[in-house]
Amino acid sequence: MPDQNPSQPGRRDFLRSAALMAGAATLPARAAAEPAADAPVAPVGYLSFSPDEAALVEAMVDVMCPADELTPRGVDCGLAHFIDRQLAGAYGKGERLYLRGPFRPGRPEDGYQLPLTPEQFFKAGAQAADAACLRRHQRRFAELTPEEGDPMLQAVADGREDAAGFPLAEWFNELVYPLFVQACFADPIYGGNRDKVFWKMLGYPGLPAVNGLNMVKYRGKPFPGARQPKSIEDFS
Amino acid sequence: MKVLPEKSVVIVGGGLAAGLVARQLAQQGVETLVLERGGDYRHGPEGRIPTQRDELRWDVRHGLMQDAAGETYTQRRARTELARPMRRLNAFLPGTGVGGAGNHWGGQTFRWNDYNLVLRSRYEQRYGRGAIPADMPLQDWGVTYDELEPYHDLFEKLFGIAGKAGNLRGRLQPGGNPFEAPRQNEYPQRPLEITEAGLIFQQTVEREFGYHPYPSPAANSPDAYVNPDGMTLGACQYCGHCERFICEANAKGTPDVLLYPWLERQPRFTLRRHCHVLGLEHDRASGRVRGVRYLDLLSGQEYLQPGGAVVLAAFTMTNTKLLLTGGIGRPYDPATGAGVVGRNFCYQANSGIALFFPGRWLNPFLAAGCTGTLIDEFNDDNFDHSGLGFLGGGYIGVNVASGRPISVRRTPPGTPRWGTRWKQANADWYAHTCAIGAQGSCYPHRENYLDLDPDYTDAFGQPLVRMTFDFRENERRVSAYCTEQSRRIAVAMGATPVGPVVSRAAPFDTRFYQGSHVTGGTIMGADPAASVVSPRLQHWDAENLFVVGASVFPHNSGHNPTGPVGALALRLGDDLARYVARPGRLS
Ligand SMILES: Cc1cc2nc3c(=O)[nH]c(=O)nc-3n(C[C@H](O)[C@H](O)[C@H](O)COP(=O)(O)OP(=O)(O)OC[C@H]3O[C@@H](n4cnc5c(N)ncnc54)[C@H](O)[C@@H]3O)c2cc1C
C-alpha cells in the first residue's frame, strides 16, 4: 500500500530526520537508525546491502517509483528487496559473466569489461554515487529530498556527474537501471513487483496457460485476464 | 586419454542440424553417435508450468543458453584493433543441451528465394559484372534449389510447419508469399492465427501499396500434429513465452520433441550427453580425421572417439573453432584474401520501429513465437537495385511474439525513464503498441571473418574464437533502405506516434540482441580455393569430415537461417549414408 500515513513515516523519512539531527555529512545514516521498537522496519532483511547501500537503494527506488495512483512507493513494491536478492545471488556473483583476463578498458559498445562481479561493481558504484552526492549536496543520496534526488539521478544517468574516474553513468545505466526495471516487472517470486502491482498497472495477464481461443476472441479487444494477472505463486 | 571403439558416423553437437542428419542415417540403419556438451531440457523447470513462464530466468538471464563464463567470443571491428571478450553474450545467443538453440528458437522457418543459392551469378546477370564490389566475396553455393526442395519439404513435414504457400509448382497462391521459391506441396499445417497488429499491417500494405503480405511460416503448431515419424505436437496456446523458452505444451517444432526421443529408440543410434568436444584428430598424410577428442563432463575423463565419418554440427562458432584448432584447411587471411577457414562471417542487419495505436487493443501477450505478418517486396533481390548503391534487402513486417513486460514495453519518444510519468506512459501504451521490423540481409565483406584469439581462453584452456566484424557500408545502406520502407508503411498504418527511426549502423554494438543468426566461417562452394567444404558439405582437405549448419552459408539473406540449415542437414544425412557404404569423394 502507498505509505501515506503521516503517523508512520517510512524508514527513509526516519533516516533522513535522524541524519539531519545528527549532522548529515559525518553520520553513517543507518548507524543511528537502528529501529526502535515502534519504528517501521523493512519487511525482510537484506542479504547483500550494507546499511548505507540499503539507504541508497531504498532512496533511489523511491525516487524512481514514487507512490502515486499507479503503485505504492518503490520500497513497498519490493524493489530494493529484489535488487538486494539479485546482487546476493548467482547474478551478483558473476553467473554467466566471463571474468578471465587480460582486462582491457573498452568502449561502450564492447559491453562490460571490468574485472568485478556485478555485486562488487554495485558496491563500488554505491560509494561513488554517494561521494558525488556529498560533493554536490553535502549530503548522501538517501538524505536528499525527492526534488533533489530526481535531478541527481538524471545527472548520473546522463554522465554529467563527475565521479573521480568511476564510470558512474555506466554503473547506473547498465547495472542499476536494468535491475530497477526487472524489479518492477519480473515475477513477484523474486521479491519485487509485490502483489503483481506493475503487471496490474500494465494490464499484463502474467502466466496464462491456454490462450488458443482467446487469441481470436480477444483480438482487438480488451483482454479480461489483464485485470487479474497470475504469477508463479498462483500456479504453485 | 582412452580410445573408444570406432563408430560409423560421429556427430559433434546435438542440436537441430545434428538431429536431422542422424534421423536420415537412422532411417537407413547407419550406426551414429552424437556427442552433446549439454544435458536434457525435457523434465526440468524450463519445461513445466509455472516455472516455464519466468521471463527473468529464461529470457533476461539467458538460462538456457551457452554460459559465457565458460566460453564466449572476442570481438573487434577491424583487424587493426585489439579484441575484447564479450563478457556477457547478448548480441546473439548460442544454445546448449540436447536440441541446441533449436529448442528455444522462435520457429520462423523460411525457404529462401531460390536465387540465393546462385547469388553471385544472379547479381552479375542482372546488374553486370561490376555490380558486386571487390570487397564483397559473394559466391554461388554449389547447390541448386531444385536439389534442396525435397529436403525443405521433408523438414517442413517433420517439424509440422504452419504457413500458406505462395508459389505452388510455379502457380502463385493468394495469401502466400509470391516471392517464395516454388514448392511441390502446401505447408503441412494451416497458418497461425493473425494478430491485431498483423491485421493492421496486412490491410494497409494491400490497400495502400498493393504488396503481398503473408503469414510468417511457423514451427508453432496451430493444431495437434503427427509427423511422418509418428512424433506428435500439441496445439499452440499463444502463451507469449516461446522464443528463448522451452514449450511446455510440446507445441513447438523442436529437436527435443520431434527428433531425439525418436532417435533414442533407434537401435544403431547413441546420444552421449555432457560430452564437450575438445578437438579433431587430423591425419594430414591420409587426408582423413581419425576421430574427435572429448571430455566427459560427468567423469572428467578424456576420450578419443574414432569415427568412419565425422560431422561438425556444433553451430557456427564451434564448427569454425574446431577446424582452426585442428589445423584443418587454411585459415583465412584478410590481408591477402587467401585461405578459407573463417571467411564470409556474416550476421543480420535488423532494425525496428515502435508503433503506437491509441485506443486499439493489440494485446501483445496473445502471441506465439511466429505470429508475424510479413512482406518480401524489399527482400534480397526481389526489387531492382539499379542505382541504389547496395545489394540485398530484408523482409519487413510486424512480428508480435510476446508481451513479456521486462523486455517488451514501448513508450512514446520523450517519455522519462522513471517516475510517475514513466509509469503512466507504460500503463497507457502497453496494450497498444507493436513494432514494425526489417530483417536485413548481411553479405560477406573481406574484413569480416573469424579466427582464434591470441590472448583469451575458455574454461577448457582453449582459445576463444575471435570475430572481426562490423556493419560495413553495404549493410548500413541495406538497413537504411529497409528501415525507410518500414517507416513509410508505419505512417500509412496510421500509427501515432511513430517511434524513432534508427537503422542498423556501425559500430557493431555487442550489448544488444540482434538475432542469433551468425553465419559463415566454414563455407560451402564448388571452388576449393574459396570454400571449406564442397557442395556436398565434405571437407576439401579431409575426405571423411563433413560440416553442417549456417557456418556453411556463403552469405546471410533477409530471412532466418534455419529452413536452409534443415534442408542441408537432411540432404547430408542421405549423402553420409552413401559415403559410409562407399567412402570417397562425393559428387
Ligand atoms: C532465441 C533464438 C531464437 C531463434 N529463432 C529463430 C527463428 O525464428 N527462425 C530461425 O530460422 N532460426 C532461429 N534461431 C536460430 C536457430 O535456433 C538455429 O539456426 C538452429 O538451432 C541451428 O541449428 P544448429 O544445429 O546449427 O545449432 P544448435 O541447434 O544450436 O545446435 C548446436 C549444438 O552443438 C552443441 N555444441 C557446441 N559446441 C560443442 C562442443 N564443443 N562439444 C559438444 N557439443 C557442442 C551445442 O551445445 C548445441 O546443442 C533462433 C535462435 C535463438 C537463440
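Quantities reported herein were computed from a predicted structural model and do not represent experimental measurements. Proteins come first, then strands; the chains are lettered A, B, ... in the order of their sequence lines, and each starts at number 1.
Of the two parts of Trp422(B), only the side chain, counted from C-beta on, holds a non-hydrogen atom closer than 4.5 Å to a non-hydrogen atom of chain A. Neither the backbone nor the side chain of Glu233(A) has a heavy atom closer than 4.5 Å to any heavy atom of chain B. With a threshold of 4.5 angstrom between heavy atoms, Gln154(A) approaches chain B through its backbone and through its side chain. The part of Pro105(A) that comes within reach of chain B is its backbone (N, CA, C, O), which places non-hydrogen atoms under 4.5 angstrom from that chain. At a 4.5 Å heavy-atom cutoff, the contact between Ile49(B) and chain A is made by side-chain atoms alone. Only the side chain of Tyr177(A) comes within contact range of chain B, judged by heavy atoms closer than 4.5 Å. Neither the backbone nor the side chain of Leu192(B) comes within contact range of chain A; no heavy atom of the residue lies under 4.5 Å from a heavy atom of that chain. Interface remark: Asp455(B) contributes backbone and side-chain atoms alike to the contact with chain A (heavy atom separation under 4.5 Å). Proximity to chain B is limited to the side chain of Phe180(A), based on heavy atoms less than 4.5 angstrom apart. In this structure, chain B has heavy atoms under 4.5 Å from both the backbone and the side chain of Leu153(A). Contacts between Gln424(B) and chain A at a heavy-atom distance below 4.5 Å involve backbone atoms as well as side-chain atoms. Contact annotation for Val216(A): only side-chain heavy atoms (C-beta onward) come within less than 4.5 Å of a heavy atom of chain B. Proximity to chain A is absent for every atom of Arg360(B), based on heavy atoms less than 4.5 angstrom apart. At a 4.5 Å heavy-atom cutoff, the contact between Ile232(A) and chain B is made by backbone and side-chain atoms alike. Contact annotation for Ala251(B): neither backbone nor side-chain heavy atoms come within less than 4.5 Å of a heavy atom of chain A. The part of Phe508(B) that comes within reach of chain A is its backbone (N, CA, C, O), which places non-hydrogen atoms under 4.5 angstrom from that chain. In this structure, no portion of Ser407(B) lies under 4.5 Å from any heavy atom of chain A. If you measure heavy-atom distances from Pro178(A) to chain B, you find no contacts under 4.5 Å at all. Both the backbone and the side chain of Asp150(A) come within contact range of chain B, each with at least one heavy atom under 4.5 Å from a heavy atom of that chain.
Distance check, rounded to the nearest 0.5 Å: CZ of Arg104(A) to OG1 of Thr74(B) gives 8.5 Å. Taking CG of Leu202(A) as the reference point, atom CG of Asn426(B) lies at 6.0 Å (rounded to 0.5 Å). How far CG of Leu114(A) is from CZ of Arg87(B): 9.0 Å, rounded to the nearest 0.5 Å. Atom OG1 of residue Thr51(B) and atom CG of residue Asp187(A) lie 10.5 Å apart, to the nearest 0.5 angstrom. If you take CG on Asn214(A) and CG on Asn363(B), they are separated by 10.0 Å, rounding to the nearest 0.5 Å. In this structure, Thr371(B) OG1 and Met215(A) CE are separated by 5.0 Å, a value rounded to the nearest 0.5 Å.
The residues Arg219(A) and Glu193(B) are annotated as salt-bridged, a charged nitrogen and a carboxylate oxygen being separated by less than 4.0 angstrom.
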Handout entry: Full working for salt bridge (Lys or Arg N to Asp or Glu O under 4.0 Å) between Arg107(A) and Glu81(B)
Key = CA-CA 12 Å; Arg107(A) 292 179 294 185; Glu81(B) 292 177 6; 3.4 Å; yes

Problem - Residues Leu464(B), Arg100(A); criterion side chain to side chain contact (heavy atoms under 4.5 Å, CB included); working and verdict - result: CA-CA 11 Å; Leu464(B) 298 186; Arg100(A) 289 160 183 254; over 6 Å; no

Exercise for the section: With side chain to side chain contact (heavy atoms under 4.5 Å, CB included) as the test, would you mind laying out the steps for Thr420(B) and Glu69(A) before giving the verdict? Expected result: CA-CA 9 Å; Thr420(B) 294; Glu69(A) 282 173 12; over 6 Å; no

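Around the CG atom of Leu47(A), the shell of radius 6.0 Å holds more than 12 heavy atoms that belong to other residues, nucleotides or ligands. Atom NZ of Lys217(A) sits in a sparse spot, with 12 or fewer heavy atoms from other residues, nucleotides or ligands closer than 6.0 Å. Gln228(A) CD: 12 or fewer foreign heavy atoms inside a 6.0 Å radius.
For Tyr98(A) (side chain) and Asp458(B) (main-chain N/O), no donor-acceptor pair under 3.5 Å exists by modelled atom type. Looking only at distances, no side-chain donor or acceptor of Lys423(B) sits under 3.5 Å from a matching main-chain atom of Met201(A). A donor-acceptor contact shorter than 3.5 Å links the side chain of Tyr456(B) to the backbone of Pro102(A). Under a 3.5 Å cut-off, the side chain of Arg417(B) and the backbone N or O of Met64(A) do not form any donor-acceptor pair. Between the side chain of Arg96(A) and the backbone N or O of Met65(B), at least one donor-acceptor pair lies under 3.5 Å.
Applying side-chain hydrogen bond (donor to acceptor under 3.5 Å, both in side chains) to Asp110(A) and the options Arg76(B), Arg77(B), Arg511(B) leaves one that passes, Arg77(B).
Ranked by non-hydrogen atom pairs under 4.5 Å with chain A, the options Arg61(B), Gln52(B), Glu55(B) are led by Arg61(B). Ranking Ile194(B), Asn90(B), Leu89(B), Thr195(B) against chain A, the residue ahead of the rest is Ile194(B), based on heavy-atom pairs under 4.5 Å. Interface summary for chain A: among Val60(B), Leu362(B), Thr72(B), Leu82(B), the most heavy-atom pairs under 4.5 angstrom belong to Leu82(B). Taking Gly101(A), Cys184(A), Ala226(A), Gly74(A) one by one and counting their heavy-atom pairs under 4.5 Å with chain B, the maximum is reached by Gly101(A). Put simply, of Ala368(B), Ala83(B), Cys236(B), the one with the most heavy-atom pairs under 4.5 Å next to chain A is Ala83(B). Interface check for chain B: of the options Ile189(A), Leu213(A), Leu99(A), Asn173(A), the most heavy-atom pairs under 4.5 Å are formed by Asn173(A). The candidate from Pro85(B), Cys239(B), Gly403(B) with the greatest count of non-hydrogen atom pairs under 4.5 Å with chain A is Pro85(B). Among Gly94(A), Gly111(A), Ser231(A), the residue making the largest number of heavy-atom pairs under 4.5 Å with chain B is Gly111(A). No other option in Ala68(B), Ala459(B), Pro405(B) has as many heavy-atom pairs under 4.5 Å with chain A as Pro405(B). By number of non-hydrogen pairs under 4.5 angstrom with chain B, the leading residue of Leu97(A), Val181(A), Leu207(A) is Leu97(A).
Counting heavy atoms from C-beta outward, Phe185(A) and Leu56(B) have side chains that stay 4.5 Å or more apart. For the pair Glu95(A) and His62(B), the minimum side-chain heavy-atom distance is 4.5 Å or more. Within the 4.5 Å cutoff, the side chain of Lys230(A) has no heavy atoms near those of the Pro50(B) side chain. The shortest distance between side-chain heavy atoms of Tyr112(A) and Arg88(B) does not fall below 4.5 Å. In this structure, the side chains of Trp418(B) and Cys65(A) stay at 4.5 Å or more apart for every pair of heavy atoms.
The aromatic rings of Phe365(B) and Phe223(A) lie tilted to each other, with the angle between the two planes from 30° to 60°.
The minimum heavy-atom distance between Leu70(A) and Ala427(B), with the atom names listed, is CD2-CB, 4.2 Å.
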